[in-house]
Amino acid sequence: MDMDVQKLVPNQHVWLTINNTAGEPQYIITSQSEYDRREYHIYAIKGDKVKLLGSGPSPKELEDKYVKIDKLFG
């Protein structure tokens, strides 16, 4: 599925898209703009909707806290 995730958050700059094992976008990490990187936001994607999960100063911390990786085995 090719999805332009930028359309889901038009007032944000998308820095990272995290796909599930099927290759579909599952999370995005954004900031207010390309130039304002003081705070990042992480959204979960379900269909054509997004849900804000959290915000913080570090994309890595948001990813570690909120991203649930699909289990390939087990």
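Only this structure's heavy atoms are used, side chains among them; waters, hydrogens and symmetry mates stay out. Index from 1, following the sequence. Owing to the predicted nature of the structure, the values given are computational and were not obtained by experimental measurement.
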With a cut-off of 3.5 Å and sequence neighbours excluded, list every side-chain donor-acceptor pair involving residues 42-58.
| unit_1 | atom_1 | unit_2 | atom_2 | d |
| --- | --- | --- | --- | --- |
| Ser55 | OG | His41 | ND1 | 2.7 |
| Ser58 | OG | Lys60 | N | 3.4 |
| Ser58 | OG | Glu61 | N | 3.2 |

TODO: Using a 4.5 Å cut-off on heavy atoms from C-beta on, say whether the side chain of His13 contacts that of Gln32.
DONE: no
Looking only at non-hydrogen atoms, find the nearest pair between [X] and [Y] and report the distance.
X	Y	answer
Asn19	Pro25	OD1-CA, 3.2 Å
Glu34	Trp15	O-CZ2, 3.7 Å
Ser31	Gln12	O-OE1, 3.1 Å

Task: Reported CD-to-OG1 distance for the pair Glu39 and Thr30, which is rounded to 0.5 angstrom - done: 9.5 Å
Task: Gap separating the CG atom of Leu16 from the OH atom of Tyr40, nearest 0.5 angstrom - done: 11.0 Å
TODO: Keeping the roles fixed (side chain from Gln6, backbone from Val9), state whether a donor-acceptor pair exists under 3.5 Å.
DONE: yes
